[in-house]
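I have placed the structure first, in the form of structure tokens, so that the comments after it can refer back to it.
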Number of protein chains: 2
Amino acid sequence: MKRSRPLKRKTKPVEPKRVEPDAVDPRSIDDDPVVQGILTAVSQKRLKPGAKLGEDKLASAFGTTRIHIRQALAHLASRKVVMQIPNRGAFVYRPSWEEAQDIFAARRVIEVAAVDAAVDRLDKSGKAALKAHMELEARHDRNDRWASLSLTAEFHILVAKLAGNRVLLDLSRELMLRTSLAIATFEQPGEPDCSPDAHPDIGALILARDKAGAIHAMRHHIEEMEQRIQPKEGADEVDELTAIFKEIGARSRAGA
Amino acid sequence: MKRSRPLKRKTKPVEPKRVEPDAVDPRSIDDDPVVQGILTAVSQKRLKPGAKLGEDKLASAFGTTRIHIRQALAHLASRKVVMQIPNRGAFVYRPSWEEAQDIFAARRVIEVAAVDAAVDRLDKSGKAALKAHMELEARHDRNDRWASLSLTAEFHILVAKLAGNRVLLDLSRELMLRTSLAIATFEQPGEPDCSPDAHPDIGALILARDKAGAIHAMRHHIEEMEQRIQPKEGADEVDELTAIFKEIGARSRAGA
DNA sequence: AACTGCCATACTGTTTACAATATATGCAGT
DNA sequence: ACTGCATATATTGTAAACAGTATGGCAGTT
């Protein structure tokens, strides 16, 4: 319903001001120390799903302002790493069981594609990097649980890097984080995210450029992770309650 | 800093407050009208890459406050739909040529997986929805360019929905947006995002549960989009300048 | 006439204070 | 002793004012 505008008013696509937004240091909020801190804390399971992230606490912990914290939390909420509830605050995201399964399925898709591309693009430096990492993982101190978690995560990151696609890499990172949250929510306590034996096999298959084998191994690896989690009925007590109430058919506002 | 409370000694909460963040209306910022408005404006190419998104302008346009606008822009920046440059403001994201290719590759991966799952999960209601949409697309008014863009986008969304994976659906949405930006940045002017003839074929193959054929058709469809864009040398003039300066090795802060 | 440097303006980013909401505590009542 | 209500506290959300930075125009100079 555009009104008649006989003048030369431009009601067509916006191109007022040919600005030049490029060539300026586009330092993203991803590099923010608060964001990175929370991200690594989550991936290392120092922060568990459902944990409250109070603004004042974080501000004093990081020695910064509340606004800064709010920006960081908003960013993490956009990435579904934290959940923001109006007037309640921010909490570490706790995926539902269905979402957890969807996350695993999506990660399978992404990482299989990453292996596919990685095998195709594998070159000298890629092989070197992969070998170096496998060496690290073989020698690492298994008692340092947090370093272990970082290392095993790094393997998947490295594979995504070898795929040579920055967008795919970012998606991998995102889904790994959310996978970590899914596992933390539904795991049997204490187990690592990755079964420790799978990475050498996958790495070897990639190095041998056995694409079908590497893809199969990666898919199996992720499926194995997925099978290690269970619905955990008591996880979200409140959801259970609402489920019960739904069964009964009771509503708080009876008149509505 | 808790004051001395010598009364009850339940001041030993090693577990930092077992809060219950669930069961509260988690209305995301995705539903925000500002976010949705900018999103649809971008997907319909009313907003072109590089367009400035001034905070005051948007605030008065949407009849809201600057704070609200800032939150929306921050969210869109997290999703790489807008680019925020310090002290300069927010602009519609303009991907580089390399990033555009990566986006297409990632979208291929996601949408092929969506087709795969959609064929597996196809049921009565899915078939009905697909047929209904194909009917719509067949009858739609090709003169209404904006409606056309929305409809063709809706086809891909529908396929992702049929896959039955919410995470995959969100990724599809995100990559479609960014694909739209990539096309808008590097297109020959005036062409639609999707070649109009491909959707009926893909839809028919899905309805026939011809998985291999549907996957092939979808992959081909996206590759065809990809081939329609070109590097556009003069796109980022400023980057060329910085490249020159990098060659020379000059830095603005010589003393540093 | 073109270029450089300066100044006015507009916009973004940050700080501050305040208001609204949820949570926790204490008290009264049954 | 437990339940329900009222108050108090803590935390989040919002508004307005302020400061810092980039942009555009103007004058002065070569």
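The basis for the numbers below is simple: all heavy atoms, side chains too, and nothing from hydrogens, waters or symmetry mates. Protein chains get the first letters and strands the later ones, always in sequence-line order, with residue 1 at the start of each. What you are looking at is a predicted structure, and each value in this text was computed from that prediction instead of being measured.
Each salt bridge (Lys or Arg N to Asp or Glu O under 4.0 Å) pair with one or both residues in residues 152-169 of chain A, not counting sequence neighbours, appears once here: A/Arg166-A/Asp170. The ring-ring contact (aromatic ring centres under 6.0 Å, His included) analysis of residues 151-176 of chain B, with sequence neighbours excluded, yields the pairs B/His133-B/Phe155, B/Phe155-B/His199, B/His156-B/His199, B/His156-B/His221.
Counting only heavy atoms from C-beta on, B/Arg66 has its side chain closest to C/dG13 among C/dG13, D/dT14, D/dG13. The side chain of B/Ile67 sits closest to D/dA15 out of D/dA15, C/dA22, C/dT14. With C/dT12, D/dA15, D/dT12 as the choices, the nucleotide that has an atom nearest any side-chain atom of A/Asp56 turns out to be D/dT12.
Following rounding to the nearest Å, B/Arg70 (CZ) and D/dA15 (C1') show an atom-to-atom distance of 14 Å. Rounded to an integer number of Å, the gap from CG of B/Asn87 to P of C/dT14 is 8 Å. As a whole-Å value, the separation of A/Ile69 CD1 from C/dT14 C1' is 15 Å. To the nearest angstrom, C1' of C/dG13 lies 8 Å from CD of B/Glu55. Going from atom CD of B/Gln71 over to atom P of D/dT14 covers 6 Å, rounded to whole Å. A straight line from NZ of A/Lys57 to C1' of D/dT11 spans 9 Å, rounded to a whole angstrom. Remark: P of D/dA10 and NZ of A/Lys52 are 13 Å apart, rounded to the nearest angstrom.
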_I'd like to know whether A/Glu226 forms a salt bridge (charged side-chain N to carboxylate O under 4.0 Å, His left out) with A/Arg108, so could you lay out the CA-CA distance, the side-chain angles of the two residues, the decisive distance to 0.1 Å, and finally the verdict._
CA-CA 10 Å; A/Glu226 189 172 353; A/Arg108 228 160 34 209; 2.8 Å; yes
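Summarising the geometry of B/Leu158 relative to B/Ala129, their closest heavy-atom pair is CD2-O, 3.7 Å, with the distance given to 0.1 Å.
The base of C/dG13 lies outside donor-acceptor range of the side chain of B/Arg88, with no N or O pair under 3.5 Å.
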